[in-house]
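No hydrogens, no waters, no symmetry mates; every other heavy atom, side chains included, goes into these values. Residue numbers start from 1 in every chain, and the chains themselves are labelled A, B, ... in the order their sequence lines are given, proteins ahead of strands.
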2 protein chains.
Amino acid sequence: MKRIILEIVKDCDNFPYNQPGETAAYEQQLSKLWKFFLPNDPRPHGYLVESVVERMPWTEDFHVLPAPHKEIHLLPQDHARDQETWTERCERSLDALLALARARGVFPRLGKRRDERFPIIGARFPVSIERSAISLFGIVGRGVHMTVYTRTNSGLKIWVPQRNPKKSTYPGMLDNAVAGGVAAGEMPMECLIREAEEEAGMEESVVRKARAAGTVTWFNISDDRAGGEPGLMNPGLLYVYDLEVGPEVVLKPVDEDDVCAFHLMDLQEVLDAMAEGRFKPASASVMVDFFVRHGIITAEDDDAYPEIVSRLHRLLPFATSPGAGRT
Amino acid sequence: MKRIILEIVKDCDNFPYNQPGETAAYEQQLSKLWKFFLPNDPRPHGYLVESVVERMPWTEDFHVLPAPHKEIHLLPQDHARDQETWTERCERSLDALLALARARGVFPRLGKRRDERFPIIGARFPVSIERSAISLFGIVGRGVHMTVYTRTNSGLKIWVPQRNPKKSTYPGMLDNAVAGGVAAGEMPMECLIREAEEEAGMEESVVRKARAAGTVTWFNISDDRAGGEPGLMNPGLLYVYDLEVGPEVVLKPVDEDDVCAFHLMDLQEVLDAMAEGRFKPASASVMVDFFVRHGIITAEDDDAYPEIVSRLHRLLPFATSPGAGRT
């Protein structure tokens, strides 16, 4: 079944909005969620679902406030060891909790511990958590996505990688040319340079020519395609970049376990692939944003244009910077 | 006082969000508003403030449902005259109401009747209303804004018009090169061509080269700068366009009562003028969106980058297309 553009965007941004007409659905979803708090900070930083709260082997470092509060507070009292900073205390508590959960096997799809650490963005002091736990806590996942395109005699074409069919997350699906998570302590451009080299073998001097072009944000309730526990809360923030390259640039897989092929697709092929649900949902949203910014999709083409553009840039329910945000 | 970018965006998008931390302010604002409904349509199309509802000389074509409902329904029963369409019935009722309000002088700043008609966007059938009444009903105001820029040896420069100091709305303020309301029955590109000729003397062949680049949306509570009644609800939708021109193109005022001068400003001059509050608020937001899309403001420059981008693209509380939307 062909999907229209608005449906493509809603496939990723599928948490209801607190707006006229969706309020009941929004309230219903929200009422099931538990809020996650860091010490000395009244702003929530994540949404946990009931089934995670129930199974998690909460240690004494966490204060679990049951309904009607439904709040998880990390280190509500001073659990300091000598010389420890708040960063160290929080990370030690989170790491110990996840090690325990893993030892007890309560989340079968959590997988092995990996060394990749993601920041809890918007925290008042730096706190990182292992990548695979971001979804369990419903913390904002943050990445960089770059669209690489070239102008040909037959129009604009886009470099589109295909994910290896054996990958645990979104196997075999189409993606953006460069896409990866921003690690703790990393700035977006720095991450882009690292990922572009790792995934597409691109040199830093080329990547530096990329143009930052904003963000794409969404609030996704995960399904089986994501590979982890289904039904988790995944608020997402992607920094998007555009890079025009000449015909001499040919993108090739570096690690075929990750990306198995690169296709040079024309605009209609990309639109068809999105309509057929062949793109990873967040990557389809980034592609729609590219099409909007480049005037490939216009208000004249699609009645839903204003709604499409707004949904691509959802205001996330959590602070995204330490100082600003909805305190 | 210098304002940071996020504050510039919030100056236009100043209605609170229904998000953690702003919920109380949002609920408080919302509780004061009356919803406006069209016949046979469960979706609201505008927010009226109490003082407008009280003063408006509602005719029998309107059903005023007091608190706790706070709803205004146009033609809840079949008020048809022979042969009239729903469009004709609604427009006749609205026009008669506004003529009466004007005759009684209940809204001193409503001004004289002008022939410009705006559509109620998202309506199930075409309905237009006179431009000056859009704010009274809190209906989405819709426009096109184009940024015209040129590349020089000393960097990118932007053509910035200055509004005549005698204008009733935003007198003397800086604006986007082309800016105007989309009239009933008009498509955005058609409007852009008309406005570009009227305001900046640009030829259609030049304007057709402009690139559609998305929308900027907001929900503004009006203040005295807007010239009308202060405190009205102004949800806004702008279709944004970019046009790069060569050094041979020089923009000049066509009607000096409207735009009194065009300035060719470098990026720092534009940033300074925005920070000093010299731009019309919506036009400042369009300029910030341009800066974001062109990589002039990046995540590395501003901690609040994700929030800035989201707030530039607020999901409006009303349907923006007949079929889609939150029904």
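- Annotation: side-chain hydrogen bond (donor to acceptor under 3.5 Å, both in side chains) contacts of D13(B) (sequence neighbours excluded): Y17(B), R314(B).
- Looking at P306(A), the atoms closer than 4.5 Å to chain B (heavy atoms on both sides) sit in the backbone and in the side chain alike.
- The most heavy-atom pairs under 4.5 Å with chain B, out of E190(A), M189(A), R142(A), K35(A), come from M189(A).
- Taking OH of Y305(A) as the reference point, atom CG of L237(B) lies at 9.5 Å (rounded to 0.5 Å).
- Taken from CG in D242(A) to NE2 in H294(B), the straight-line distance is 10.5 Å, to the nearest 0.5 Å.
- The greatest number of non-hydrogen atom pairs below 4.5 Å with chain B, out of G295(A), A213(A), A299(A), is found for A213(A).
- The nearest pair of heavy atoms linking L316(B) to Q19(A) is O-NE2, 3.4 Å.
- Heavy atoms only, all atoms of each residue included: E307(A) and L315(B) are closest at CG-CD1, 4.0 Å.
- Contacts between Y26(A) and chain B at a heavy-atom distance below 4.5 Å involve the side chain alone, from C-beta outward.
- Taking every heavy atom of both residues into account, P322(A) and D303(B) meet most closely at CD-OD2, 3.4 Å.
- Heavy-atom pairs under 4.5 Å with chain B peak, among L312(A), D289(A), N18(A), T217(A), at N18(A).
- Summarising the geometry, atom CE belonging to M187(A) is positioned 7.5 Å from atom OG1 belonging to T298(B); distances are rounded to the nearest 0.5 Å.
- In this structure, R211(A) and R293(B) approach most closely via the heavy-atom pair CD-O, 3.3 Å.
- P188(B) touches chain A through backbone and side chain together, each having a heavy atom under 4.5 Å away.
- Taking each heavy atom of V292(B) and G214(A) in turn, the nearest pair found is CG1-CA, 3.4 Å.
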